[in-house]
Trainee: 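Supplied in C-alpha cells, the structure appears directly below.
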Amino acid sequence: MNRNRPGSRLRSGLVVIATGLSTLFPPPLEGAAPRAEDRRHRHVCSPAPALSPEEAELRRAAAPLAPVPRLLGTRLPPRVDWRGELPPVIEQPDQMSCVATAGGYYQRNQTEKHFRHPEWDLGDPRYRFSPKICYRFGGVGFADKVQQALWVWGSVDWAELPFTPERITEYPSPAQLEAAKPYRTGGYAAIWNRMGATYPLVPPNPIDQAKAWLAEGYTLSVDINPENPHYPDNGPGHVPYNPYFDPGFITGTPGHGVAIVGYDDDANPYGTTPDHRGGFLVVNSHGPDWNGPMKGFVWMSYDYAKRFVTYAWIQLPGAPDEPVITGASQRELNVGDSVTLTGHGFGALRRSAGVTFNGVLATDVSFTDEAVTATVPAGATSGPVVVSNGNGIPSNPFHLDLAVLPPVRILPIVLDVTSGTARFTTEVTLTNRGRKAVSAALRYQVSLGGPAGSGEVTEPLAAGEQEVIPDVLAFLRTKGLPIPAGNQGGQLIVRFIGADGESVVAASARTTTPAASPGPEGTLGLAYAAVPPSHLTGFGPLTVFGLRSNATDRSNLAVFNPQPAPVRVKVTAYDGKGSENLFEVIRDEETIPPYGWVQYSGVLDWSVSGQGWVTVEPLIPGSPFGVYGVVNDNTTHDGSFLPPSPADLGGGRMTVPVLVETATLSSELVLANNGGFEAYLTLQFGERTSGTPGVTFILYPKKQLIIPDAIEQLRKWHLPIGPRGAADYAGALHLTVRRAQNGHIFAAARTTSGSSAGGRVGVFTPAVVESQMASTETYLHGLKADARTRTNVALVNTGLFEEGPVALELRAFDGDAGGAESGQPQVVVLGPGAWRQLDGFLEQQGVANGWVRVARVVGSAPWLAYAVVNDGAAPGAGSGDGAYVAMSGPQP
C-alpha cells in the first residue's frame, strides 16, 4: 500500500477547530424532505439555512484554513482528472443530501483510495464509503458540519450501511459507528471560506491554490447555485446537455453541494479568456444519466469558481487503519477464559473481522474500536493473538501464554428414569480418533434423585477407539459411584486427558425407552452431541425455537450450568402467533446450582396458538450456561432434541438439510422470526440450475410457522415439484434471508413416520447457517450399524448456481479396530443445491461402530454433511426412530 503519496505529510499542518458540542453532536434531522412538486425540480437542493452576519463571521473564524499547497508557484500540469478514483455516480435521495454526497461519498472515497487504499475496488460496496453517517450527524446544508462529522465519527461502507431513499431516515447502530472509527479523516480545511458574502465575490477566490491541491491528489467540496438558465437539466423545461457551465452572472444564494475532481486549462477551447477556457471538473449527485454524455459530470469555468463559489474544502486522510493491540487484561490464560485486548483501529465485528489465538479462530468475540473481548477457543496454544478488522487487515501479533488443558465435552443430562410404562436410559458414545491412548475422566453431577451419587471415574480409550456404553448410569455404578436406585439423572462432563487435540475426540448420548406394545420391537428417544465449554459463553440470550403444545406433542425446556459457580438466568416463553404481547415469564430469576440441570415442563401449555419459543437470558453476563428443548410425541414418547440458537448467530443464507415426502415419511417445516422487523425469505428446494425459481414471502416479527406438510406447501407456493404420489421426494431447502435482524431467523424440519402403536417417530434437522457450512473436511462421529441399528449418510451442496458443483470423498473408520480405515473411499458429485443420501453406508463399508470423514476434493462451493442413525437394521425393522448426527471437527 502506498502510504507516502504527495500531500499526506501535510496532515500535521491542518488543525480542526471544534465549534462546540452542538456542532459535533447535532440534534436529529427533523421533518421530511420537500415534495418534488413543491420544488422547481427534484434535482435542486434546498439552500443551507440562512446565517446572520454574526453567525457567518463565527463560522468563518472557527473554520481551519488550508496552508499554502506545496505545488503552488510551480508549473502545474495543464489538466488533472481523478474520475478513475471515484465510486459510481449516484443519485442522491430526495432529502437535501447533496453536501453529504459531495463530501461523504465522492470526496471521502477518492481520498481513501488515493492516499490509503489504492487497491480498493470502489465498485464493490464493501469498499465504498456510504455518506449515511455524515448525513445523519452532519446536518443539512452545511458542508463544514459534514466535514466535521467525518473527522469525529468516520465512515462505514455501503454494504454495511446503505444510503438509499427507503432507509435514509435510519440512524447508524452502535456497531456501525464502531466500524466507522478506523476510517475517520485526519482533518479538513478551507482553501477559501466566504460564508455570508454576497455575489460576485470580491476579491476573487484563489483558484490557483485549488488547482495545486488537485494536482497533489486531493478533491474539493464546493457549492454552486444551479438556479439559472445555463445549468443542465434545470427546471421544468430541462435545459439540454451542457458540458461547460459558465454563467455570466447569478443571483440568490448557493444551494447545491458538489465535488470538484479535476481541472483542465482547455476545457472550453472556444473561451475568450483563460478563465472562460479553463474549468474545474464537477461530479454531481443527480445520477449517471444527468447531463447527457457527461454521465453525471460537468465542467465549471474558472471564472464562475472565482466569483460565485463561496467555499472549497479539502479533506485529509486519517491515520493508517490497521488495528493495533497495545495490551491485554491478562497474559496467562486457559482455554475458555475471556480476555480483553486493548488498542485502536479494531472497528466492529463484521465480515472479515475476528480474533485468532496462535492461528485458531475465536468464535465468541465482541468488538469496539478500542477494545475486543474474546474467549480463548479450544485448540489454542501459547503464541501470538491477532485482531483483524472488518476488511480483514490484521493487527500486530501480541503474545499470550496459554495453559494446555485437555479437551472437555459436556452432556447436559444422562439418566435412568421411569415414567408410567416408559423407562428412559442413556447410552453414551466416546470417540478418540487420535493416534495415542487417552483417559476419559467422567464427572457425574446429580440433578435428579440426589444428593448422593456425584463423583468422577476414568475410562481408558485406546488410539482410534470408539466405545459405546449402553447404560451409562449402570456403568458408573460398576465403577464405584454410589448412585442410588430409582429415578436418577444429572450432567456428565468428560475430560479427554492426553488427547492429540481438540478435534480428535467426541462424545454423544442417546436417551431412549423401549417402544410400547403393540408397536414393533426397538427403542424410541432422542440423541444429542456433547458440547465443548467454549460453546457455552453466557454473553447473550439463547433461544429454542420449534416448541409446541397440542393434542399430539408436548414440549419441555432444560437449562444446565457447566461450571462450579451458580448461574442466574431469566426464562421467558413466547407465543409464535405474531404479537409482542403474547409471552409468559417462566422464571424471572432462576439460580442454577454448580453443574446443575433444571427442566421446565409444559413451557407452552399457556399459549394461544399452541406453539412458539423460549428465550433464556443470563442475569450476570459472562456466566456460561446451556439450554435445549425437547418435543415429545404424546403417544410414542419419541423425542426430538431442539438445540438453541444464539442471538448473534446469523447469515444471509441457511439450509434445512432435508425435506421428505414418501408413502411413509413426511416433513414439517418450522420457520420463525423473533426479531423486531419483517424478514423476507426466499426459498428454493433441491438442486439449483440456471433460473431455478424460488418463492419469496414475508415472515412477520414475533412469528413462528409450523407447516405440517412442507413439500405440499411448497407445491402450493408454485415451486417446481412433481405431483404427490408420482415419486418419492427428498431434498434440501435453501433459504436466503433479507432485511432481518441478524440471528433472529430460525428454520428446521421434523421428518416423521407413523407407528403401528399410534403416534409418530422421527428426527429433527435444524438449518445450517452460512457461517457453519463446511469447505474443507468434516467428521460424523458416533455411528453404528449392527443387528439393531443402521446408519445413513447425507450430503448437500449448499452453494449457489454460480458456485458450481462439488465432489466429496467419504471414508469410513472402524472404532473397534483402532480407527483403521474400512472399505473403499466413495466420491459423490453434487450439483449446486443438490442433496444425496447414502443408505446403509456404514454397513456397506464393513463398520459396525465408527465414524466417517467427508472431504471436498473438487470445487469451491460450501457444503454440509450429516448422518441419521436409525433404530432397526433395515427399513421396516425396529421402531424406525432416527437420531440426527451433525458434522463436527474441522470445517473451514
Side-chain angles (χ1 to χ4, degrees), residues 33 36-37 39-47 78-103 105-107 109-110 122-123 128 131 163-165 207 210 214 219-250 252 254-273 275-305 307-309:
E37 59 268 25
R39 301 187 304 180
R40 201 176 160 203
H41 189 267
R42 67 187 178 92
H43 283 161
V44 179
C45 293
S46 295
R79 62 186 57 85
V80 168
D81 189 339
W82 297 119
R83 274 181 284 194
E85 295 184 350
L86 290 181
V89 173
I90 61 170
E91 181 167 1
Q92 67 182 55
D94 192 24
Q95 287 191 268
M96 299 176 289
S97 57
C98 56
V99 292
T101 306
Y105 181 70
Y106 295 122
Q107 190 181 27
N109 278 287
Q110 186 276 337
L122 300 186
R128 180 170 77 239
F163 189 55
T164 55
I207 65 165
L214 286 160
T219 50
L220 318 177
S221 283
V222 301
D223 67 336
I224 61 174
N225 190 329
E227 299 290 321
N228 66 83
H230 302 281
Y231 189 66
D233 194 23
N234 184 44
H238 287 218
V239 174
Y241 152 67
N242 181 6
Y244 191 74
F245 180 51
D246 185 25
F249 190 79
I250 62 172
H256 187 44
V258 293
I260 290 178
V261 297
Y263 68 84
D264 189 336
D265 291 339
D266 198 33
N268 179 34
Y270 303 104
T272 57
T273 70
D275 284 348
H276 292 281
R277 285 195 298 272
F280 290 104
L281 181 62
V282 170
V283 59
N284 207 349
S285 54
H286 298 163
D289 295 329
W290 179 80
N291 203 16
M294 290 293 288
K295 298 184 182 299
F297 294 83
V298 68
W299 291 98
M300 178 179 70
S301 72
Y302 291 156
D303 177 72
Y304 179 90
R307 298 195 296 150
F308 301 113
V309 174

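Nothing fancy with the numbering, it's 1 onward along the sequence.
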Trainee: Is there side-chain contact between F280 and D264, with at least one heavy-atom pair below 4.5 Å?
Mentor: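 Answer no - side chains too far apart.
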
Trainee: If I take atom CG from residue D81 and atom CG from residue L281, how far apart are they, to the nearest 0.5 angstrom?
Mentor: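 Taking CG in D81 and CG in L281, the distance rounds to 5.5 Å.
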
Trainee: For T219 and Q110, test the side chains for any donor-to-acceptor distance below 3.5 angstrom and give the result as yes or no.
Mentor: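 A donor-acceptor contact under 3.5 Å links the two side chains.
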
Trainee: Please walk me through it: do N109 and E85 pass side chain to side chain contact (heavy atoms under 4.5 Å, CB included)?
Mentor: CA-CA 8 Å; N109 278 287; E85 295 184 350; over 6 Å; no

Trainee: So do the side chains of S301 and R277 get within less than 4.5 Å of each other, counting heavy atoms only?
Mentor: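 Heavy-atom side-chain distance check fails, nothing below 4.5 Å.
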
Trainee: Assess, by modelled atom type and distance only, whether the side chains of N291 and H286 contain a donor and an acceptor separated by less than 3.5 Å.
Mentor: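 Side chains of N291 and H286: no pair found under 3.5 Å.
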
Trainee: Does a donor on one side chain sit under 3.5 Å from an acceptor on the other, for Y302 and D265?
Mentor: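 Result is yes, a qualifying pair exists.
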
Trainee: Could you give the distance from CZ (F163) to OG (S97), rounded to the nearest 0.5 Å?
Mentor: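 So the CZ of F163 and the OG of S97 are separated by 4.0 Å.
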
Trainee: Check whether any side-chain heavy atom of L86 lies under 4.5 Å from a side-chain heavy atom of L122, and answer yes or no.
Mentor: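 Side chain of L86 against side chain of L122, heavy atoms only: no contact under 4.5 Å found.
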
Trainee: Quick one: CE on M294 to CG on D289, what's the gap to the nearest 0.5 Å?
Mentor: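 Rounded to the nearest 0.5 Å, the CE-CG separation comes out at 14.0 Å.
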
Trainee: Distance-only, no hydrogens or angles: does the D303 side chain make a donor-acceptor pair with backbone N or O of D275 under 3.5 Å?
Mentor: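 Answer holds: no.
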
Trainee: So, for G103 and S221, which heavy atoms are closest and what is the spacing to 0.1 Å?
Mentor: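 Looks like CA-OG, 3.3 Å.
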
Trainee: If you compare all heavy atoms of V89 against all heavy atoms of G296, which two are closest, and at what distance to 0.1 Å?
Mentor: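 Looks like CG1-CA, 4.3 Å.
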
Trainee: Return the CD1 to CG distance between I207 and L220, rounded to the nearest 0.5 Å.
Mentor: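 Result: 11.5 Å between the selected atoms.
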
Trainee: If you measure from CH2 on W82 to CD1 on I260, what distance do you get to the nearest 0.5 Å?
Mentor: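 Here the interatomic distance stands at 15.0 Å.
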
Trainee: After noting the C-alpha distance and the side-chain angles of V258 and V222, does the key distance pass the side chain to side chain contact (heavy atoms under 4.5 Å, CB included) rule?
Mentor: CA-CA 6 Å; V258 293; V222 301; 3.6 Å; yes

Trainee: Which heavy atom of G257 sits nearest to which heavy atom of C98, and what is that distance?
Mentor: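 Where G257 meets C98 most closely, the heavy atoms are N-SG, 3.2 Å.
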
Trainee: Can you tell me how far apart OH (Y263) and CH2 (W299) are? Round to the nearest 0.5 Å.
Mentor: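 CH2 of W299 is found 10.5 Å from OH of Y263.
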
Trainee: For the residue pair R83 and F297, would you count it as a cation-pi contact if the rule is NZ or CZ under 6.0 angstrom from the ring centre and within 45 degrees of the ring axis?
Mentor: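 Yes, R83 and F297 form such a contact.
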
Trainee: Which is it for D246 and M300 under the side chain to side chain contact (heavy atoms under 4.5 Å, CB included) test, yes or no, and what are the steps along the way?
Mentor: CA-CA 6 Å; D246 185 25; M300 178 179 70; over 6 Å; no

Trainee: Any donor and acceptor pair, going by atom type alone, linking the side chain of Y241 with main-chain N or O of W290 inside 3.5 Å?
Mentor: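 A pair under 3.5 Å: no.
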
Trainee: Return the minimal non-hydrogen interatomic distance between R128 and G123, and the atom names on each side.
Mentor: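 Taking R128 first and G123 second, the nearest heavy atoms are NH1-O, 3.2 Å.
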
Trainee: What pair of heavy atoms forms the shortest contact from Y304 to P247, and how long is it?
Mentor: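 Shortest heavy-atom contact: CD1-CG, 3.4 Å.
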
Trainee: Taking all non-hydrogen atoms of both residues into account, name the closest pair between I90 and T101 and its distance.
Mentor: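 I90 and T101 have their closest heavy atoms at CD1-CG2, 3.8 Å.
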
Trainee: Quick check: do P88 and Y105 have side-chain heavy atoms less than 4.5 Å from each other?
Mentor: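 The answer is yes; the side chains approach within 4.5 Å.
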
